[in-house]
Amino acid sequence: MSVAFWSLLLGILLITMVLAGTILARLLLSSAMVYMVVGFAFGPLGLDIVQLDPKQHVEVLLWGAELALLISLFAVGLNMGAVPLLDKRWRLPLLLAFVSMALTVGLVSMVGIYLLDLPLGAAVLLGGILAPTDPVLASGVQTTLNNNHDRLRFSLSGEGGLNDGTAFPFVMLGLGLLGLHDLGVGGWRWWLVDLIWATFGGLLIGALSGASIGKLVVYLRTRHHLAVGRDEFLSLGLIAMAYGAAQLCLASGFLAVFAAGLALQRVKEQPRAASQSLGSASSLGGHGEGELATHPHHASAAMSHAVQGFNDRLENLAELALVLVIGVMLAYTRPSLEVFGLIALLFVPLRAIAVVLGTLGEPLVGHQRNMICWFGIRGIGSLFYLMFALHQGVSGEQAEQLVSLTLLTVAASILLHGASVRPLMQWYRRRDSEGAPPCQ
């Protein structure tokens with residue numbers, strides 16, 4: 001197919017999504033659902049315009065999924081960065097991202113061994129691939145700078161932002177048990193490098209990167225009127241720097257990028273004593289972007305706002321590209337009763353068990369806990385770890401099984417969670433407005 005043909009198809013799709021956005025919402029269709037259906041229609045089982053075998057295009061799929069995740073993780077970090085780090089709202093997303101995620105890996109591993117007849121290494125690897133929830137496809141339940149008080153949204157966003165990084169050690173453990181990664185004698189390398197250092201080192205490197213670059217930019221803008229504009233370069237540069245530095249140090253690049261977003265949002269100006277604020281956020285509409293970007297009282301907020309706006313647009317484009325690809329690749333899966341059994345178990349009992357056990361003692365209202373149990377959205381994170389496993393050498397029948405299990409699970413999540421997010425979130429808001437106990 002020619003470039004002109006692809007340009008025409010892409011243009012029609014993008015404009016259709018703009019024109020039909022309101023209608024899709026009324027029909028309970030998410031944009032991801034439409035993208036996936038279009039991708040399936042373009043694939044070998046539809047019009048056969050695109051052939052994209054995941055086992056033959058590992059490099060490009062791995063790169064694409066990784067880039068989409070980094071963009072989304074940075075955006076989640078920016079949105080959550082306004083909440084103080086010692087605020088008790090952080091406790092629940094940390095429990096979900098560490099404890100519930102580890103429990104999910106264990107539960108999926110058991111299903112892999114006893115239901116799917118997988119060897120231990122492949123079962124643990126499957127658990128690591130399917131355990132992380134998705135920050136790219138969860139826009140309907142994500143927190144924003146304006147709704148950080150909502151405990152449900154904040155917790156699900158934090159879980160999705162963190163557990164793409166906290167799943168990494170379990171993926172490496174599965175690869176090690178399959179003989180594709182060095183775990184060290186007695187597993188010392190896995191414990192010290194893949195688990196402890198990758199997690200805490202990634203968070204530390206990302207926090208230092210975001211804080212130092214943010215403070216430098218704000219200082220140059222407010223004191224010298226330098227480094228103004230090109231906020232898209234700042235966004236992409238900080239993502240690349242945090243990720244690259246972490247990966248070179250054998251730490252988690254995903255956690256580093258998430259932490260960089262958190263740290264950048266927390267950067268504040270140090271205005272001179274004689275300077276005056278232009279007023280509250282609602283009264284700044286009459287001031288130009290350049291004036292706000294260099295003002296000693298508003299430079300950091302202007303920087304975060306500009307970076308967030310650019311990042312949000314990139315995230316939408318990444319979602320379009322990756323979900324189209326998932327739709328195309330469904331032609332290369334092998335549906336079976338075992339696959340659909342795993343999907344049913346993962347979405348309902350396993351997710352619920354992991355959430356309930358992982359959050360014991362947390363003062364959650366019943367409908368909040370139920371919503372968290374349901375919205376364990378799987379997506380681009382699982383696609384990335386699937387491609388990573390194939391890139392590391394998983395092949396043959398194990399590769400076929402992982403491709404089918406992962407892609408069909410992600411497709412089912414896009415359909416089920418995408419169709420349910422709007423009515424359930426409307427129900428959730430009504431419950432809160434009718435006098436349910438406030439989120440603490």
So, does [X] use its side chain to make a donor-acceptor pair with the main chain of [Y] at under 3.5 Å?
X	Y	result
Asn311	Val307	no
Thr359	Val355	yes
Trp374	Val421	no
Trp191	Gly186	no
Arg369	Ala352	no
Tyr385	Leu130	no
Thr333	Leu330	yes
Ser413	Arg378	yes
Ser109	Val105	yes
Thr133	Ile377	no

Rounded distance [0.5 Å steps], [atom1] in [X] versus [atom2] in [Y]:
X	Y	atom1	atom2	value
Ser155	Arg91	OG	CZ	11.5 Å
Leu342	Gln401	CG	CD	11.0 Å
Ile71	Glu319	CD1	CD	12.0 Å
Leu390	Leu402	CG	CG	7.0 Å
Phe258	Leu78	CZ	CG	10.0 Å
Ser252	Trp197	OG	CH2	11.5 Å

Quick check: are there more than 12 heavy atoms from other residues, nucleotides or ligands sitting under 6.0 Å from [atom1] of [X]?
X	atom1	value
Asp117	CG	no
Arg334	CZ	yes
Lys215	NZ	no
Leu337	CG	no
Trp63	CH2	no

Going by heavy atoms in the side chains, are [X] and [Y] under 4.5 Å from each other?
X	Y	result
Val217	Val267	no
Leu13	Leu320	yes
Glu400	Lys55	yes
Asp194	His181	yes
Phe384	Ile380	no
Val38	Leu324	yes
Met101	Leu162	no
Thr104	Asn163	no

Shortest non-hydrogen contact from [X] toward [Y]:
X	Y	result
Ala256	Ala246	CB-CB, 3.6 Å
Pro44	Tyr332	CG-OH, 3.5 Å
Leu152	Gln368	CD1-O, 4.1 Å
Glu315	Ala75	OE1-CB, 4.0 Å
Leu70	Val257	O-CG1, 3.4 Å
Val328	Gly43	CG1-CA, 4.2 Å

Which atom pairs, one a donor and one an acceptor, fall under 3.5 Å between side chains of residues 198-208 and the rest of the protein, sequence neighbours left out?
from	atom 1	to	atom 2	distance (Å)
Thr199	OG1	Leu195	O	2.7

Check your understanding: Run the side-chain contact (heavy atoms from CB on, under 4.5 Å) check on Ser420 and Phe375 step by step: do they pass?
Key -> CA-CA 9 Å; Ser420 62; Phe375 282 116; 4.0 Å; yes
Review point. How are the rings of Tyr428 and His367 set to each other: parallel, tilted or perpendicular (split at 30° and 60°)?
Key: tilted
**Study point:** Stepwise side-chain contact (heavy atoms from CB on, under 4.5 Å) test for Phe340 and Ile343
**Key:** CA-CA 5 Å; Phe340 292 118; Ile343 293 171; 4.1 Å; yes
Practice item. Evaluate side-chain contact (heavy atoms from CB on, under 4.5 Å) for Met425 paired with Met371, printing each intermediate quantity in order. Key: CA-CA 9 Å; Met425 290 306 294; Met371 292 283 281; 3.5 Å; yes
Exercise for review: Evaluate side-chain contact (heavy atoms from CB on, under 4.5 Å) for Glu362 paired with Arg151, printing each intermediate quantity in order.
Suggested key: CA-CA 12 Å; Glu362 279 296 290; Arg151 195 178 190 200; 2.5 Å; yes
Exercise for review: Check Leu407, Thr406, Leu61 against Leu383 for a side chain to side chain contact (heavy atoms under 4.5 Å, CB included) and give me the one that passes.
Suggested key: Leu407
